[in-house]
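Quick notes on the structure that follows.
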Number of protein chains: 2
Amino acid sequence: MPSNARILVMTTQTRRERERAQREQQIVAAARELAETEGWEAVTTRRLAAEIEYSQPVLYSHFKGKSAIMTAVAVQGFEELADEVRAARTAARGTRDALAAVATAYTDFARKRPALYDAMFTHAVDLSFASPNTPAHLRNGFDEILQAVEPLAADDDPGILTETFWASLHGLAMLERSGRLPADLRGHRLDLLIGRFAPEAT
Amino acid sequence: MPSNARILVMTTQTRRERERAQREQQIVAAARELAETEGWEAVTTRRLAAEIEYSQPVLYSHFKGKSAIMTAVAVQGFEELADEVRAARTAARGTRDALAAVATAYTDFARKRPALYDAMFTHAVDLSFASPNTPAHLRNGFDEILQAVEPLAADDDPGILTETFWASLHGLAMLERSGRLPADLRGHRLDLLIGRFAPEAT
DNA sequence: ATAGGTGATATAGCGACGCTAGCATAGCGG
DNA sequence: CCGCTATGCTAGCGTCGCTATATCACCTAT
């Protein structure tokens, strides 16, 4: 019977595709966990293969190469960063509070997930940005910051001001993480930055 | 004759030391040039050895490893960055102009020498910073920015404010270089940043 | 001038890396 | 039940940073 045969084929196909998708997620999860616990230099294709209990070449049937795996991890990171920034922003009351909450959430994310943040911004340069074909998850984080900055833009372009504020947060996160700024003054620096972008207590 | 012998030994010693120092500089220069023309991924120890026309192991009689060579390049970069920022600052008239000049000089440096800037901030994490034993060249650049920021500090701590401003410049430079901020709005972003740190036209 | 000693340089190789070619095998369709 | 497809494996290629060992040139002292 063709209909039964088709259904059978379909189900085994879907099962296989499901298993394939699961394994792909396993790879990404293993890469992320390994990077977060031992750093990206410990993430090798052999190590990843051992982690998912498959041989090394199967990675290349899922991803074009190691950098594609890192990019997949980065995409996960962008989703989570957007979530955390959104949560912080919506929980805040006033305009200035919202900006401070966003800034704190952002830098906290970078500090608490350094390997993930590295994948997003230091590696994975092939990820498109600020262009029409930018994936949605990549824009979401920016839009969250935009929401907090926009009320403070006054005569300035909100988008450009958001870019500037975002860059400041990124710079703070990067320099702090490499030990180039004293860690104990982190709160002071954030306060000063907020003060410059939201002068009056609103 | 012991005196003649000593003198002979000294001169050959000093000649050797001079040659050694020259070769060491050759290594650093080769690494820098190779990185600036083909990127750091093209800088391999074999490639460097070929460039200075010596065998690979001689590199390890000068430097502990490849990362030490990159650190040496980074130190050169810090010296030059400090020079350029100082030149820009001393050429400026008013307070706000000085801040703008410093900001432009800094981001221009990062944009025009991306490989050098990468060595300074993305690689070479082992370079000590913000600690008592920080080498002088590393502090000079910071002090230059401090000179421009200090008059604008008002009630805020000048050092912490400088750290914050510096981080903003660093973030702008990094995000622009990876294509995450549109290049054509670079001037706009700098203007907005300057406006936030030096509100009134002084 | 020459033998002895010392330091500097090169050859060769180690283990690990990202990645790929080619083979075996398991599971499907007819 | 047979043949095909495609999936995953073993093995290996070229390159990486780095090092152990050998060789050789040069300086010292007789």
Side-chain angles (χ1 to χ4, degrees), chain A residues 1-24 26-27 30-31 34-35 38-73 119 123-124 126, chain B residues 1-24 26-27 30-31 34-35 38-73 119 123-124 126:
Chain A
M1 254 186 225
S3 64
N4 270 354
R6 267 192 70 88
I7 287 177
L8 179 64
V9 169
M10 288 269 307
T11 51
T12 70
Q13 269 185 353
T14 53
R15 174 181 55 86
R16 290 209 160 169
E17 284 167 11
R18 190 178 59 240
E19 288 171 353
R20 236 191 111 73
Q22 281 179 2
R23 197 174 56 182
E24 190 154 316
Q26 273 186 38
I27 295 171
L34 208 52
E38 305 186 33
W40 277 109
E41 71 278 0
V43 180
T44 70
T45 57
R46 284 171 175 82
R47 200 60 200 276
L48 276 184
E51 213 75 36
I52 64 168
E53 296 179 311
Y54 276 92
S55 74
Q56 202 189 2
V58 303
L59 301 176
Y60 295 88
S61 70
H62 288 275
F63 299 95
K64 190 185 166 189
K66 186 190 173 183
S67 70
I69 300 176
M70 296 173 70
T71 301
V73 174
H123 318 296
D126 52 325
Chain B
M1 255 187 233
S3 65
N4 271 351
R6 267 192 72 85
I7 287 177
L8 180 64
V9 168
M10 288 268 308
T11 52
T12 69
Q13 269 186 354
T14 54
R15 175 181 55 88
R16 289 205 164 168
E17 284 169 11
R18 191 177 58 240
E19 289 171 353
R20 240 190 107 74
Q22 281 178 3
R23 198 173 56 182
E24 190 155 315
Q26 274 185 37
I27 295 171
L34 208 52
E38 305 185 33
W40 278 109
E41 71 276 1
V43 180
T44 70
T45 57
R46 284 171 175 83
R47 196 69 195 275
L48 277 183
E51 213 76 36
I52 63 168
E53 295 178 312
Y54 277 91
S55 75
Q56 203 189 0
V58 303
L59 301 177
Y60 295 89
S61 70
H62 288 275
F63 299 94
K64 190 184 165 190
K66 186 190 172 184
S67 69
I69 300 176
M70 297 172 70
T71 301
V73 174
H123 317 297
D126 52 326

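Convention: sequence-line order gives letters A, B, ...; per-chain numbering from 1.
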Study note, to complete from the structure: Here the gap from A/T44 atom OG1 to A/Q56 atom CD, rounded to the nearest 0.5 Å, amounts to 7.5 Å
Review point. How many angstroms lie between OG1 in B/T45 and OH in B/Y60, if you round to the nearest 0.5 Å?
Key: 4.5 Å
Review point. Would you call B/I52 and B/L59 a side-chain contact if the rule is heavy atoms closer than 4.5 Å?
Key: yes
Check your understanding: Looking only at side-chain N and O atoms, does B/R23 come under 4.0 Å of OP1 or OP2 in C/dA8?
Key -> no
**Study point:** Between P of C/dC19 and NZ of A/K64, the distance in whole Å
**Key:** 10 Å
Review point. Between A/E53 and B/R46, who's closer to the 5' end of DNA chain D by nearest nucleotide?
Key: A/E53
Exercise for review: Figure out the CD/C1' separation between A/E41 and D/dC16, and round it to whole Å.
Suggested key: 16 Å
Check your understanding: Which whole-number value in Å describes the distance from B/H62 NE2 to C/dA8 P?
Key -> 10 Å
Review point. Under 4.0 Å between a side-chain N/O of B/S55 and OP1 or OP2 of C/dT9, yes or no?
Key: no
Review point. With respect to the phosphate group of D/dG8, does any side-chain polar atom (N or O) of A/Y54 fall under 4.0 Å of OP1 or OP2?
Key: no
Review point. Are B/R20 and B/H62 side-chain neighbours, meaning at least one heavy-atom pair lies under 4.5 Å?
Key: yes
Exercise for review: Figure out the CZ/C1' separation between A/R20 and D/dT7, and round it to whole Å.
Suggested key: 9 Å
Check your understanding: To the nearest Å, how far apart are A/E19 CD and C/dC28 C1'?
Key -> 14 Å
Study note, to complete from the structure: Of the listed C/dT11, D/dG8, C/dC17, the closest approach to the A/T44 side chain comes from C/dC17
Review point. How many angstroms lie between OG1 in A/T71 and NZ in A/K66, if you round to the nearest 0.5 Å?
Key: 11.5 Å
Practice item. Among the candidates D/dG17, D/dG8, D/dG12, find the nucleotide nearest to the side-chain atoms of B/K66. Key: D/dG17
**Study point:** Side chain of A/P57 - closest among D/dG8, C/dC17, D/dA11
**Key:** D/dA11
Exercise for review: Send over the distance from A/W40 CH2 to C/dG18 P, rounded to a whole Å.
Suggested key: 12 Å
Exercise for review: Round to the nearest Å and state the distance from B/R47 atom CZ to D/dG17 atom P.
Suggested key: 12 Å
Review point. Once you round it to whole Å, what is the distance between P of C/dC17 and OH of A/Y60?
Key: 11 Å
Practice item. Report yes if a donor N or O on one partner sits less than 3.5 Å from an acceptor N or O on the other, where the partners are the side chain of A/Q56 and the base of C/dC19; otherwise report no. Key: yes
